[in-house]
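Just so it is clear, the model here is predicted, and its values are computed rather than measured. Numbers for residues simply follow the sequence, beginning at 1.
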Amino acid sequence: MGDSYVTFLVLGIVLVAIDGQLIYRGGKGYLKRAAYDEEQAGSMMKLTAVLFHLVVLGLLALVSIINVETGDPVKNVVVKLGIVLLLLALAHGATMAILSRIRDRQMQQQLADQMAEEHRIYEERQEERQAHINEPRSAPKIESPYSPK
């Protein structure tokens, strides 16, 4: 059991690390396209990647103690890795959904800010027009053809 246990843990940790890096790098670019700057996207992805790693490594630890008896130690590892891969896929999908939500919220906020700015500019122009309309005007000079020159 010792060798297959260690093999399972090593393979599981490698899979989690690879997927975590894919999520971090891909997610960072994904968030940058949603008006996050480099620093914000990096910080958000670090937090997300840490959460992903903790959850999946915790699941890996739990699966590692499950006793699977197929009669062949290699098959035991393969069955456990299959379970880990399915859990990894679920965690990956959940992480993508979270990133999508974060990105959508950022884009909605950016759109709301842009609309508010456009509305502010529109209101300022309206006030300027209204002030111009309400300005007192002097009466036009009408010159009589009989007035002295």
Result for side chain to side chain contact (heavy atoms under 4.5 Å, CB included) between Val84 and one of Leu11, Leu62, Val63, Val79 points to Val63

Could you grab the distance from atom [atom1] of [X] to atom [atom2] of [Y], nearest 0.5 Å is fine?
X      : Y      : atom1 : atom2 : value
Leu54  : Leu59  : CG    : CG    : 11.0 Å
Arg125 : Glu127 : CZ    : CD    : 12.5 Å
Glu118 : Glu123 : CD    : CD    : 13.0 Å
Thr48  : Ile102 : OG1   : CD1   : 4.5 Å
Ile98  : Ile23  : CD1   : CD1   : 9.5 Å
Tyr122 : Met115 : OH    : CE    : 13.5 Å

Are [X] and [Y] packed together at the side-chain level, in the sense that at least one heavy-atom pair is separated by less than 4.5 angstrom?
X     : Y     : answer
Leu99 : Met45 : yes
Leu85 : Ile83 : no
Val78 : Thr70 : no
Met44 : Lys28 : no

Assess the side chains of Gln109 and Arg105: does a donor N or O sit below 3.5 Å from an acceptor N or O? no

Listed partners of Glu69 passing side-chain contact (heavy atoms from CB on, under 4.5 Å), at least two apart: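 Result, side-chain contact (heavy atoms from CB on, under 4.5 Å) vs Glu69: Asn67, Asn76.
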
**Request:** I would like to know whether Glu117 and Ile121 meet side chain to side chain contact (heavy atoms under 4.5 Å, CB included); could you show each step before the answer?
**Result:** CA-CA 6 Å; Glu117 179 63 17; Ile121 291 169; 3.7 Å; yes

Main-chain N/O of [Y] paired with [X] side-chain donor or acceptor, under 3.5 Å:
X      : Y     : result
Ser100 : Ala97 : no
His53  : Ala49 : yes
Lys32  : Ala41 : no
Lys80  : Ile66 : yes
Thr95  : Ala91 : yes

Next on the checklist: Between Arg103 and Arg33, does the side chain to side chain contact (heavy atoms under 4.5 Å, CB included) criterion hold? Intermediate values first, please.
Outcome noted: CA-CA 9 Å; Arg103 182 176 186 243; Arg33 286 190 298 275; 4.1 Å; yes

### Message
Working note: Leu31 + Gln106, criterion side chain to side chain contact (heavy atoms under 4.5 Å, CB included); need CA distance, chi angles, decisive distance, verdict.
### Response
CA-CA 9 Å; Leu31 291 180; Gln106 178 65 15; over 6 Å; no

task: Flag yes if more than 12 heavy atoms outside Arg120 fall under 6.0 Å of its CZ atom; otherwise flag no.
output: yes

Whether over 12 other heavy atoms sit under 6.0 Å from Glu39 CD
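No, the 6.0 Å shell around CD holds no more than 12 heavy atoms from other groups.
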
Identify the two heavy atoms, one from [X] and one from [Y], that lie closest to each other, and give their separation to 0.1 Å.
X     : Y     : value
Leu60 : Phe8  : CD1-CZ, 3.6 Å
Asp19 : His92 : OD1-ND1, 2.7 Å
Val16 : Phe52 : O-CE2, 4.0 Å

State plainly whether one hydrophobic cluster holds both Leu51 and Tyr24, where clusters connect Ile, Leu, Val, Met, Phe, Trp and Tyr through side-chain heavy atoms under 4.5 angstrom apart.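 Same cluster.
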
Next item on the list: State yes or no: do Leu15 and Leu86 share one hydrophobic cluster built from I, L, V, M, F, W and Y residues joined by side-chain heavy-atom distances below 4.5 Å, directly or via other members?
Entry: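 Not linked; separate clusters.
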
